[in-house]
S.K.: 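Structure incoming, see below.
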Amino acid sequence: MSLVVPDEILTATRMTEAEMRQEIAVMLFQREKLTLAQASRFAGMHRVAFQHLLASRHIPVHYGVEDFEQDIQNLRKMGRL
């Protein structure tokens, strides 16, 4: 699914497309609608960078089983496990 945000909305909010994606990702993560991995992908950010964004806003990270499994999978792909 694609979502089109009209330029007038971006202009009104004084945000770039990337900033809008980050704001939506943060909001959905905070409401526990997206996992950390999903939200960071939606925001177009590396997970650690997204965690720093959350920390800068004093938003706690909900690190669940799915996130742990994703981390294990990533470590295996990187040859670290």
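Here the structure is a predicted model, which means the values were calculated and not measured.
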S.K.: Are V48 and L53 connected into the same hydrophobic cluster when the rule is that any two of I, L, V, M, F, W, Y join if their side-chain heavy atoms are below 4.5 Å apart?
M.R.: no

S.K.: Is F29 reachable from M45 through a run of I, L, V, M, F, W or Y residues, each pair having side-chain heavy atoms under 4.5 Å apart?
M.R.: yes

S.K.: Starting from V61, can I reach I59 by hopping between I/L/V/M/F/W/Y residues whose side chains sit under 4.5 Å apart?
M.R.: yes

S.K.: What's the separation between atom CE in M20 and atom CD1 in I9, rounded to the nearest 0.5 Å?
M.R.: 7.0 Å

S.K.: Looking only at heavy atoms, which two atoms of A39 and A25 are closest? And how far apart?
M.R.: O-CB, 3.4 Å

S.K.: Using side-chain heavy atoms (C-beta onward) and a distance below 4.5 Å, is T16 in contact with L10?
M.R.: no

S.K.: What's the separation between atom CZ in F50 and atom CD in Q22, rounded to the nearest 0.5 Å?
M.R.: 8.0 Å

S.K.: In this structure, would L34 and L54 fall into the same cluster of hydrophobic residues linked by side-chain contacts under 4.5 Å?
M.R.: no

S.K.: To the nearest 0.5 Å, what is the distance between CD on E8 and OG1 on T13?
M.R.: 11.0 Å

S.K.: By side-chain hydrogen bond (donor to acceptor under 3.5 Å, both in side chains), which residues pair with Q38, not counting sequence neighbours?
M.R.: T35

S.K.: side-chain contact (heavy atoms from CB on, under 4.5 Å), that's the test. Do Q70 and E66 meet it? Break it down for me.
M.R.: CA-CA 6 Å; Q70 182 67 46; E66 185 177 332; 5.7 Å; no

S.K.: Which residues pass the salt bridge (Lys or Arg N to Asp or Glu O under 4.0 Å) test with E23, sequence neighbours left out?
M.R.: R57

S.K.: Would you call D71 and R47 a side-chain contact if the rule is heavy atoms closer than 4.5 Å?
M.R.: yes

S.K.: When you compare the side chain of K77 with that of Q73, does any pair of heavy atoms fall below 4.5 Å?
M.R.: yes

S.K.: Rounded to the nearest 0.5 Å, what separation is found between the CZ atom of R80 and the CD1 atom of I72?
M.R.: 13.0 Å

S.K.: If two hydrophobic side chains count as joined below 4.5 Å and joins carry through other members, does M15 share a cluster with F42?
M.R.: yes

